[in-house]
Visitor: 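Sending over a structure as C-alpha cells; questions will come in a sec.
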Amino acid sequence: MRKIWDSYRQRIYRNFVKGSSSKSGLVFWRNLLFAESMIYLFPFCLIALIPGVYWSYKTGLVFLAVADLVIVSVIAFIVFSSGIAIKYRKLVFMTCVYFLSTTIIYYVGLPGPGLLYLYGACVFGIFFFEKKYAFLFAALNTFIVTAIGFLIHLDWMPWPQDRLHSLNEWIAVTSNLVFLGFITAALVPPLFKGLQTTIEKQVLLTRQLEEQQMKLNESYLQLQKKNEDLEQFAYIASHDLQEPLRMVTGFLTQLEKKYEGQLDEKAQQYIYYASNGAKRMHQIIVDLLEYSRAGRSLGDATSTDVGEVLQEVLLLLSKRIQETNADIRIGAMPVLTVPPAALRQLFQNLLDNAMKYQPDGQQPRIRIDATEKMNEWEFRIADNGIGISPEYFERIFLIFQRLHQREEYSGTGVGLAICKKIVETLQGKIWIESIEGSGSDFYFTIPK
Ligand code: ADP
C-alpha cells in the first residue's frame with residue numbers, strides 16, 4: 001500500500017514540478033502546494049464521487065451526476081497526464097471547481113456543498129496563482145453569487161418548492177461568503193510576500209555563502225600552490241648551494257694545510273673566520289633543507305606506540321642527556337596512527353631544546369605526558385629551563401627566529417618551525433605556555 005502511495009506521489013511531483021527552473025522561489029512553492037493539494041484531493045474526489053452520484057441520481061439530478069463524473073475524469077487527466085504546463089493544469093482545475101460549485105448551487109441551492117466549493121475555489125486561486133490575481137477570485141465569487149441572485153429574482157432557478165430560497169435569504173448567506181473571499185484575498189498574499197522575502201534572503205545568503213566558499217577555496221589553492229613553490233625553491237636553492245659551499249670549504253682547508261707556517265697570524269685568522277662562516281652556512285643550508293622536507297615527506301601513517309618512539313629519541317639524545325644529567329620522566333603514552341618518523345623528529349627537537357635552554361649548570365627536569373581529549377591527544381613537554389616571555393610565544397615558531405646570541409645558546413632557529421610544520425601537516429596545533437625564568441610547557445595535539 002505504502003509503495004503504491006509513494007509511486008503515486010512521485011508521479012504527481014514529476015508531472016507538476018519537475019523541470020521547473022527555480023527550486024526555491026515562491027512560484028516553485030506555489031506549484032508544490034498545488035501538487036500537494038492534488039495528491040490528496042484526487043483520492044477525496046473519488047471517495048466523494050460515489051455518494052454524490054448516488055444522491056444526484058436518486059433525486060433525479062442526472063445532469064449533476066454526469067457533471068460529477070466528468071469533473072473527476074478531468075481532474076484524473078490533469079493529475080496523471082504528463083507534458084502539460086502547470087499553469088494550464090491550474091486553469092483547468094480552477095474551471096472544474098467553479099463549474100462544479102455553480103452547478104451544485106444551480107441544482108441544489110443553499111443546503112448543498114456548492115457555496116462551500118465556491119469559497120474553496122477562491123482560496124485555491126489565491127494560493128495557487130500570483131498575488132495580482134487574488135482579488136480577481138474574490139470578485140469572481142461576488143459576480144457569481146450576484147448573477148445567481150438575479151436568477152432567483154427572475155425565478156429562473158430550478159429549485160424544488162420545499163427548498164426555494166428567497167432573494168433576501170440568498171443575500172444574507174452569500175454576503176458572508178463574499179466577505180470571506182475578500183478577507184482571504186487581503187490576508188493571504190502578504191503572508192506569501194513575507195515568505196517570499198524570507199526565501200529570497202535565504203537564497204541570496206546561500207549564494208553569497210557559496211561565492212565566499214568558492215573564493216576561499218581558490219585562495220586556499222593559490223596559497224597551497226605558492227607554498228609548494230616556495231618549498232620547492234627552498235629545496236632547490238639549499239640543495240644547489242651545497243656544491244659551491246663545499247668548494248669554498250675545500251679550498252679553505254687546502255689553503256690552511258698548504259701554506260701552514262708561511263702565513264702570518266692575521267691571514268690565519270681570516271681563514272679561520274672564513275671557514276667558520278662556511279660551516280655556519282652549511283648548517284643553515286642543512287636546516288633549510290630539513291625544513292623544506294618536513295611536512296612533505298613524513299612517511300606513511302602506521303600504528304605507532306608513542307612510548308616506544310620516545311625511548312628511541314632518548315637513545316638518540318643519550319649523549320646530551322648524560323652531559324647535562326637530565327632527569328626525564330615520561331607518563332603513559334597512547335598508540336596512534338601517525339608516521340613514526342614525524343613524531344620522532346617532533347619529540348627530538350622539543351627535548352633537545354628543553355635540555356639546551358637551561359640556566360648554566362642547572363639539572364634539566366623534563367616531564368612528558370599525554371592527555372586524551374574528545375577528538376585529539378594532547379602532548380605536553382614541560383621543562384624547568386629559562387622560559388620565554390609571552391611576547392615571543394608566536395615568534396619562536398617562525399623559521400630562523402631566535403631569541404639568543406649563538407655564543408649564548410647554539411642553534412639556527414629552525415627546530416620549532418619544523419615542529420610546527422609537522423604538527424600542522426598532521427592537522428594538529430602547537431603552542432607554548434611559559435613564565436620567563438620558571439620553565440616552559442610546550443603543547444601539541446594530534447587528532448585521533
Ligand atoms: P634553535 O633552538 O635552533 O634556536 P628553535 O626553533 O628550536 O631554534 O627555537 C627557537 C627559539 O625558541 C630559541 O632560540 C629559543 O629562544 C626559544 N626556545 C625554544 N625552546 C625553548 C625552551 N624549551 N625554553 C626556552 N626557550 C626555548
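Counting convention: from 1, in listed order, for ligands and their atoms alike.
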Visitor: Test Phe42 against Phe80 for ring-ring contact (aromatic ring centres under 6.0 Å, His included), laying out the working first.
Guide: CA-CA 10 Å; Phe42 178 64; Phe80 291 112; 5.4 Å; yes

Visitor: Please say whether the positively charged group of Lys429, taken as NZ for Lys or CZ for Arg, lies over the ring of Trp431, i.e. under 6.0 angstrom from the six-membered ring centre and within 45 degrees of the axis.
Guide: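 Yes, a cation-pi geometry holds between Lys429 and Trp431.
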
Visitor: Report, one line per pair, each donor and acceptor closer than 3.5 Å where one atom sits in a side chain of residues 251-266; sequence neighbours left out.
Guide:
residue	atom	partner	partner atom	Å
Thr253	OG1	Thr249	O	2.6
Asp264	OD1	Ala267	N	2.9

Visitor: For atom 4 (O) of ligand 1, what's the nearest protein heavy-atom neighbour? Residue, atom name and distance, please.
Guide: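 Nearest neighbour among protein heavy atoms for atom 4 (O) of ligand 1, to 0.1 Å: Arg402 NE, 2.6 Å.
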
Visitor: Between atom CD of Gln345 and atom NZ of Lys421, what is the distance when rounded to the nearest 0.5 Å?
Guide: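 So the CD of Gln345 and the NZ of Lys421 are separated by 10.5 Å.
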
Visitor: Give the ring-plane orientation class for Tyr98 versus Phe137, where under 30° counts as parallel, over 60° as perpendicular and anything between as tilted.
Guide: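 Tyr98 and Phe137: parallel rings.
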
Visitor: Val414: heavy atom below 4.0 Å from ligand 1, yes or no?
Guide: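 A heavy atom of Val414 does come that close to ligand 1.
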
Visitor: Please state which protein non-hydrogen atom is closest to atom 8 (O) of ligand 1 and give its distance, to 0.1 Å?
Guide: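 Ranked first by proximity to atom 8 (O) of ligand 1 is Gly413 CA, 3.1 Å.
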
Visitor: For ligand 1, note which part of Leu403 has a heavy atom under 4.0 Å away: side chain, backbone, both or neither.
Guide: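 The part of Leu403 near ligand 1 is both the backbone and the side chain.
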
Visitor: Which atoms of ligand 1 have any heavy atom of Gly411 under 4.0 Å away?
Guide: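 Atoms satisfying the 4.0 Å criterion: 3 (O).
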
Visitor: To which protein heavy atom is atom 6 (O) of ligand 1 closest, and what is the distance rounded to 0.1 Å?
Guide: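 Ranked first by proximity to atom 6 (O) of ligand 1 is Leu416 N, 2.7 Å.
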
Visitor: Under a 4.0 Å N-O cut-off, is there an ion pair linking Lys319 with Glu323?
Guide: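 Salt bridge flag = yes for Glu323 with Lys319.
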
Visitor: Does ligand 1 have an atom under 4.0 Å from some heavy atom of Gly385?
Guide: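 It does not, in that no heavy atom of Gly385 comes within the 4.0 Å cut-off of ligand 1.
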
Visitor: Could Lys131 and Phe192 be counted as a cation-pi pair, given that NZ or CZ must be under 6.0 Å from the ring centre and within 45° of the axis?
Guide: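 Pair Lys131/Phe192 does not count as cation-pi.
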
Visitor: Counting only heavy atoms, tell me which of Ile388, Ile432, Asn349 gets closest to atom 27 (C) of ligand 1.
Guide: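 It is Ile388 whose heavy atom sits nearest to atom 27 (C) of ligand 1.
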
Visitor: Can you list the ligand 1 atoms lying under 4.0 Å from a non-hydrogen atom of Gly415?
Guide: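 Near Gly415, meaning under 4.0 Å from one of its heavy atoms, ligand 1 has 5 (P), 6 (O), 7 (O), 8 (O).
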
Visitor: At what distance is the nearest protein heavy atom to atom 23 (N) of ligand 1, and which residue and atom is it?
Guide: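 Going by distance alone, atom 23 (N) of ligand 1 is nearest to Asp383 OD2, 2.9 Å.
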
Visitor: Using a strict cut-off of less than 4.0 Å between a Lys/Arg side-chain nitrogen and an Asp/Glu carboxylate oxygen, indicate whether Lys356 and Asp352 qualify as a salt bridge.
Guide: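 A salt bridge is absent here (no side-chain N lies under 4.0 Å from a carboxylate O).
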
Visitor: Can you tell me which residue and heavy atom of the protein come closest to atom 13 (C) of ligand 1, and the distance to 0.1 Å?
Guide: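 Protein heavy atom with the smallest distance to atom 13 (C) of ligand 1: Tyr357 OH, 3.2 Å.
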
Visitor: I'd like to check whether Gly387 has a polar contact with ligand 1, where a contact means an N/O of the residue lying under 3.5 Å from an N/O of the ligand.
Guide: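 So ligand 1 has no N or O lying under 3.5 Å from an N or O of Gly387.
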
Visitor: Is Phe442 near ligand 1, meaning one of its heavy atoms is under 4.0 Å from it?
Guide: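 Yes, Phe442 has a heavy atom closer than 4.0 Å to ligand 1.
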
Visitor: At what distance is the nearest protein heavy atom to atom 7 (O) of ligand 1, and which residue and atom is it?
Guide: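 Looking at atom 7 (O) of ligand 1, the protein heavy atom closest to it is Asn353 ND2, 2.8 Å.
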
Visitor: Would you say Gln401 has any N or O atom under 3.5 Å from an N or O of ligand 1, going by distance alone?
Guide: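 No, Gln401 has no N/O under 3.5 Å of an N/O on ligand 1.
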
Visitor: One thing to verify: whether Glu424 and Lys420 come together as a salt bridge, which I'm taking to mean a side-chain N less than 4.0 angstrom from a carboxylate O.
Guide: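 Counted as a salt bridge, because a side-chain N and a carboxylate O are separated by less than 4.0 Å.
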
Visitor: Could you check atom 16 (O) of ligand 1 against the protein and tell me its nearest heavy-atom contact, residue, atom and distance included?
Guide: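 Among all protein heavy atoms, the one nearest atom 16 (O) of ligand 1 is His404 CD2, 3.1 Å.
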
Visitor: Under a 4.0 Å threshold between the charged nitrogen and the carboxylate oxygen, would Asp327 count as salt-bridged to Arg365?
Guide: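 Result for this pair is no, no salt bridge flagged.
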
Visitor: Show me the pairs that pass side chain to side chain donor-acceptor pair (under 3.5 Å) and involve residues 384-394, at least two apart or across chains.
Guide: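 Of all non-adjacent pairs touching residues 384-394, those that pass side chain to side chain donor-acceptor pair (under 3.5 Å) are Gln358-Asn384, Ser389-Glu391.
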
Visitor: What residue and atom, counting heavy atoms only, is the protein's closest point to atom 12 (O) of ligand 1, and at what distance?
Guide: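 Result: Ile396 CG2, 3.2 Å.
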
Visitor: Can you sort out which atoms of ligand 1 are near Ser440, meaning under 4.0 Å from one of its heavy atoms?
Guide: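 Result: 24 (N), 25 (C).
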
